[in-house]
Trainee: 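Provided herewith is a single structure, encoded as structure tokens, for subsequent inquiry.
These numbers come from the heavy atoms of this one structure, side chains and all, not from hydrogens, waters or symmetry mates. Letters go in sequence order (proteins before strands), and every chain restarts at 1. Computed from a predicted structure; not experimentally measured.
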Amino acid sequence: MARRSPNFFLRKHRKWPLISSHKTKWRQAFTQNQPMVSFKQLVAQHNPLQPDFVPSLLQSLSLYNLYQSPQAYHFLIKTLLHNRQFHHIPSLLHHLQLQHFQTPEYIFTHLVKFYGNANRIQDAVDIFYRIPQFRCFPSAYSLNALLALLCRSQRGLKLLPQVLLNSLHMNIRLEESTFRLLVCTLCRMNKVAYAIEILQRMLDDGLGVNDKVFSFVLSSVCAEGDLDGEDVIGFWRGLRKLGFSPAMGDYDGVVRFLVKKGRGLDAWDVLNQMKSDGIKPGIISYTMVLNGVTAEGDYILADELFDELLMLGLVPNVYTYKAYIDALCKQNKVEEGIKMVACMEELGCKPNVLIYNTLLRAISKAGEISRARELVKEMKYKGIEMNWVSYTIIIDGLVSNGEILEACALVEEVLHKCIFIKSLTFDEVICGLCQRGLVCKALELLGKMVERSISPGARVWEALLLSSESRPKFHLVNPL
DNA sequence: CTAGGGTTAG
């Protein structure tokens, strides 16, 4: 949806009017910098370990007549911070406090951030409260710096309410950036309801909450793995009531979350909202919902959705076909699924191994071994490599249909190709061989298995012992 | 007008 005005981007990229020539600015900076440069050189000669360190720094300030220069103080503070001379800071600040110029706020934001990184939370809070004593009006800049560090630790979070309350007394106007910080912290702490409350406050205070903030909050909520589906649906409804106009990515984010949580029908609901909001869902939206409703067993709906996406002129991709074929197979419509493969090829979409595995699974379940063989041939013909899932499905199918030698041949193929399959599949084949009295073959396979450090399960030993009892010439030693 | 976004099973 084109919610942005056409000049949105123009504004962003428009060049600033060249009112002040930066030549003048540069010259000013240069003339100011002359004493600063000498001052900095002098400071570098001071030893921070001397007891008169700070007095001598102050002396150099007066030497270069830099008492009135915030930059000089900022430099001194930075020097102390970088040398981790925290104990010298209070006396320097005391001196700064006695000056008459307005102290720029960035000195305090810097201090707050540095204290935060040194894990001196209380120092950071203290200096923040003292800002007005330096003839400086704190704004959202220093507040955000402090809040950001408070939000980082459990200890900091405890101080947060008090800081917020005091910042109101300090006449700091809370801005969108501040709220965003708080809302995101709350989301991280799974306090979704509080996050909505804050968003509500923002709107009540006449702050425009832009959709980007909503969107950001929503995506952090959806990224929260252990949140309940119910919570997210509630949150989503809450946001919409607050006037959020989601973009396609927002709908898709919620859909993805709901599908992951096994709530395909709720995801379908969101898809419908999307349509009624005038946003055309993309192929990915449909594919996710298709997977979701299939997982919930609503195959009729799955059929409808597939028709619908075609009617909308969306082009299904291999993921979409996979989802649809899955739905067909779950309804035991394997032949229709196979027809779909021809269909997709006609439309220029190549089937992959996942598509064939879906079909093979359904066919094996139905016990149609010869049909499975045909599909394997088809795969080979089309150059689609079988992976471990394909082999597992086929081997299982062969074993349960009594085609034990063919299964054994496939296991050998797997070993030859160095494809990893689960040891359970080996076990099954070895047991099958034993049951048929093919103990030699079973032992041979067991040997290959052990050779590759794949450990057989207990049932393998049982089956081998059982058959060796009837043929005592085998002397079995458990190599483990 | 459309692409975009970015997914898959034992």
Trainee: Whole-Å distance between dT7(B) P and Asn352(A) CG?
Mentor: 15 Å

Trainee: Can you tell me how far CD1 of Ile421(A) sits from CH2 of Trp388(A), rounded to the nearest 0.5 angstrom?
Mentor: 9.5 Å

Trainee: Among dA9(B), dG6(B), dG10(B), which is the nearest nucleotide to the side chain of Arg256(A)?
Mentor: dG6(B)

Trainee: Please give me every residue in residues 332-351 of chain A whose heavy atoms get under 4.0 Å of an atom in DNA chain B, ordered by residue number.
Mentor: none

Trainee: Between Trp236(A) and Phe244(A), how do the two ring planes meet: parallel, tilted or perpendicular, split at 30° and 60°?
Mentor: perpendicular

Trainee: Nearest whole Å is fine: how far is dG10(B) P from Tyr356(A) OH?
Mentor: 19 Å

Trainee: Just call it for Asp396(A): base, sugar-phosphate, or nothing, with non-hydrogen atoms closer than 4.0 Å on any strand.
Mentor: base

Trainee: Does anything in residues 284-292 of chain A come within less than 4.0 Å of DNA chain B? Heavy atoms only, and list the residues if so.
Mentor: Ile284(A), Ser285(A), Thr287(A)

Trainee: To the nearest Å, give me how far apart NZ (Lys280(A)) and P (dC1(B)) are.
Mentor: 10 Å

Trainee: With a non-hydrogen cut-off below 4.0 angstrom, is Ile283(A) in contact with a base, only sugar-phosphate, or nothing?
Mentor: base

Trainee: Quick one: which of dG10(B), dG6(B), dA9(B) gets closest to the side chain of Asn357(A)?
Mentor: dA9(B)

Trainee: Using whole Å, report how far CG of Leu312(A) lies from C1' of dA3(B).
Mentor: 16 Å

Trainee: NZ/Lys417(A) to CG/Leu410(A) distance, rounded to the nearest 0.5 angstrom?
Mentor: 9.0 Å

Trainee: Between dA9(B) atom P and Ile363(A) atom CD1, what is the distance in whole Å?
Mentor: 20 Å

Trainee: Could you check how far CG of Asp326(A) sits from P of dA9(B), rounded to whole Å?
Mentor: 9 Å

Trainee: Between Asp252(A) (CG) and dT7(B) (P), how many Å, whole number?
Mentor: 11 Å

Trainee: In whole Å, what is the span from the CD1 atom of Ile279(A) to the C1' atom of dG4(B)?
Mentor: 12 Å

Trainee: Verify the contact: side-chain N or O of Arg361(A) to OP1 or OP2 of dG10(B), cut-off strictly under 4.0 Å; return yes or no.
Mentor: yes

Trainee: In chain order, what residues pass the side-chain hydrogen bond (donor to acceptor under 3.5 Å, both in side chains) check against Lys339(A), with sequence neighbours excluded?
Mentor: none

Trainee: Would you list the atom pairs, donor with acceptor, under 3.5 Å between side chains in residues 426-441 of chain A and any protein atom, with sequence neighbours excluded?
Mentor:
from      : atom 1 : to        : atom 2 : distance (Å)
Asp427(A) : OD2    : Gly457(A) : N      : 3.1

Trainee: Scan side-chain atoms only and decide if Thr109(A) and Ser142(A) contain a donor-acceptor pair under the 3.5 Å cut-off.
Mentor: no

Trainee: Holding to side-chain hydrogen bond (donor to acceptor under 3.5 Å, both in side chains), I want the full list of residues that pass it with Ser177(A), two or more places apart in sequence or in another chain.
Mentor: Asn144(A)

Trainee: Using distance alone, with no hydrogens and no angle criterion, decide if Thr294(A) and Asp326(A) have a side-chain donor and acceptor under 3.5 Å apart.
Mentor: no

Trainee: For Val315(A), what residues pass the side chain to side chain contact (heavy atoms under 4.5 Å, CB included) criterion, not counting sequence neighbours?
Mentor: none

Trainee: Considering every strand and a 4.0 Å limit on heavy-atom distances, what is the contact class for Gly249(A): base, sugar-phosphate, or nothing?
Mentor: nothing

